[in-house]
Amino acid sequence: MVLINIGSLSENELRNIASQEDLEDWENLSRDELIEALEDFYDDDDSRLEGDSSGSSMRKFVNTLTDVQLENDLSLPGTEPLPESYNETSIHMILKDANWAYVFWSLSAQVASEFEEGSATLVLRNVRMNSDESEQASYDIEVSPSDDNWTVELPHLGYSYQVSLVLKKGEDEKVLCKSSTVSTTKSWLSTHPDVLRDSTTFMTLLSPLVLKGGTVLENKQIQDLIDIIDDDSTEAEVSR
Amino acid sequence: MKSRLNFIFNAHLPFVRHPEYPKFLEEDWLYEAMNESYLPLLRMMYRLKNDKVPFRLTFSLSPTLCSMLTDELLNERFVEYLDQHIELGDKEIERLKDDPEKKALAETFRNEIVLNKAFYQNECQGNILTAFNQLSNDGLLELITTTATHAYLPVYKDYPIAVNAQIETGVLEHSRNFDKMSDGFWLPECGYYNGLEDLLKRHNISWVSLASQSLILSADEPERGSYSPIRCPNGLYCFIRDANLASLVWSPTEGYPADPFYRDFYRDIGFDLSWDYIKPYVHEPEVRSFTGFKYYAVTGDTADKVVYDMKKASERASSHAKNFIYHVQSRTKGLKALIDMDPVYTVSFDAELFGHWWYEGVQWIEDLVRLVAQTEDISLITPTDFIKTKPIVQTMNPAPSSWGVGGYSSVWVDNTSNAWLYRHIFKALERMTELAERFPAQKSLKQRFLNQAARETLLLMASDWPFIIHNQISAEYARKRVEGHIENLNLVYDNMCKNAVNTEWLVKAEKRDNLFKHLDYNIMNKNHLNEPSPIFTTDFSTEA
């Protein structure tokens, strides 16, 4: 929803949006009540807009203020609606950001029935790998038959990770499928705080990332680098 | 020390074309962008050219946008759109005859459309790409391409065949449209992952632009910051976006466009006037939309907006152009003791910001270019200009990154809105690859069937659909679009597995999704990656 300045919209616009979104009793609401109701309605969106100074905060294009409920059927003849899942056992992992990945999986009908009928448990295993692709560490998350996706933490930067689905029956384990590996990146600067503390380096590397309002580009890893410098300053203050 | 300004504009819209409907709401995205951004930008650059003001700017024109800009039906509909809005302007001038302030604004907005139409029909000859190409031939623009459908590549890292198909189709379409190779490549959303550079170099791409944090978060030691481009170990140059300068413009709350004197984007007669009056210029059934007739200034966070004052807004745009120059010069002064070269500032934006979102943005660029032309210590360059100087730059691996919120992929892989798509998208990619391998070198109807499947595959990868679903604007349309393309691919897969061709579907799909007419489905065969890029071997002059 494009309501960057919801308070600045006219009553006509607000009423139009409220009617499109089918807000309760919108005809009888005052302007302030309409704003309040719409703000509540779009609460999640507003939080997404706040402090968002990156490229994607600027909506690419819009020619209405509401999401039009499209009645037109765009499907071509002969096509079938998408299935809920595909009859296969597979798992995929997509990197969402530096430390988190989105994982989704499918179980074939045969595997699913084996899982549901028996005493087996299904676990999602996240494996941290060495550079030679051998396992360095792993942890398991037990998942239920109704689960088909998970957001997985990749706690240590600079390593590769691979997830797999494992069927466990007592002491026995059966690896059903494995994802491709996902690599994370550990920045060189995070391991060289002495360089980061140098004012020349700071000016050269960080100044292009400081935004107009004085804040630094929103990014957890950059914030971690700044925290290294801040911690150092605090320690210096304390020792003084 | 001299500052080098490297402006890159990304012009892109998703492929939206519905010949099955006489008028379609989402097609207006194209007409609005043409009328409010592309034509005003071109007219501005022609003014500079006619005034002999030197400049160098880079424009990425996406293959989907180019397909629509050269489509006969959409161009016909665009002229109808212009005529309708000129008529609306006439009605507005009459309606506002007792309100001189707003009447003058209505006259200006109407006249702008008339000027756009004249430019479109005369200089462009009904094809906007002609004017872009002319400016490129005049040595004023560097034109580049991007992925076929603006696919956000990091999520497809495990599908190199599909990533290659996106890149390859992009570079081939560029050569067809502009009769020259694209030296640079716009990575949609600045999305980069390690290894992508190898697929880009395969197609003779020399440079890309990356997100601001891609340098500081690299696993290698960064030496000069984003003031100097870097080179990947395989030779691909990377120009790093300067977040500081971009924020002067881009931020919706702190950037120049938020100035209270500028024209308010939201206050539009499409929403303010009675339904009976506005009905012919919006959409059935009772769907109000923007018309471009906007009479109020941003003012502030209030409903009581002041009437837009063009003169004051114009003064602000000039002042903001000077302010931008001031920021560049100040930054460069501070760098004298820090780096051993003239700094390069890479500043990239979506082209549709200028004119459409930020009405005065076109004037801001014009004023900026004219100021730079009079300023000795700043020059405008393009990435290829820089590379031609054979610069000594650092060789290193940039960090995976994008310009999206948080700096990675969370906008396009969002558990709460769009992540579910990838279960179906990935399956579709696997099926298309399987089809290309099982049925190579088909002829006639099956070849057409598979070629259309390849088009649907590229279309379903567009970054626009997950982005729109994430932002909940036109999400219903986006969901139907991406689902529709996957359904289409599934239909071809099921038919081919039964040795059948659904001709009714094929004819309708070819008629609606008619882009990339030279696309060969064998691009999705894994063996294709072992062959040299067709950018070196295709004779475009002999193509039908």
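Lettering of chains follows the sequences in order, A, B, ..., and the numbering in each one begins at 1.
Under the 3.5 Å distance criterion, with hydrogens and angles disregarded, a donor-acceptor pair is assigned to the side chains of His156(A) and Arg128(A). Remark: the His327(B) side chain and the Arg331(B) side chain contain no N/O donor-acceptor pair separated by less than 3.5 Å. A donor atom on one side chain and an acceptor atom on the other are found under 3.5 Å apart for Ser207(A) and Tyr227(B). Thr184(A) and Tyr161(A) share no donor-acceptor pair across their side chains, judged by distance under 3.5 Å alone. Between the side chains of Asn415(B) and Thr151(A), at least one donor-acceptor pair of N or O atoms lies under 3.5 Å. For the residue pair Asp414(B) / Tyr102(A), no side-chain donor-acceptor distance below 3.5 Å is found, with atom types taken as modelled.
Contact of Tyr345(B) with chain A is not made at all, since no heavy-atom distance falls under 4.5 Å. Of the atoms belonging to Asp242(B), heavy atoms from both backbone and side chain fall under 4.5 Å from chain A. Within the 4.5 angstrom heavy-atom criterion, no atom of Leu335(B) approaches chain A. Residue Asn490(B) touches chain A through its side chain alone, counting heavy-atom pairs closer than 4.5 Å. The contact between Ser212(B) and chain A is made by backbone and side chain atoms together, counting heavy-atom distances below 4.5 Å. Using a 4.5 Å cut-off between heavy atoms, Glu456(B) does not touch chain A at all. Proximity to chain A is limited to the side chain of Asn194(B), based on heavy atoms less than 4.5 angstrom apart. Only the backbone of Asp220(B) comes within contact range of chain A, judged by heavy atoms closer than 4.5 Å.
A donor-acceptor contact shorter than 3.5 Å is absent between the side chain of Asn397(B) and the backbone of Ala219(B).
Among Lys186(A), His92(A), Met203(A), the residue with the largest count of heavy-atom pairs under 4.5 Å with chain B is His92(A). Among Glu80(A), Glu88(A), Lys96(A), the residue making the largest number of heavy-atom pairs under 4.5 Å with chain B is Lys96(A). Heavy-atom pairs under 4.5 Å with chain A were tallied for Glu254(B), Lys157(B), Glu504(B), His424(B); the largest tally goes to His424(B).
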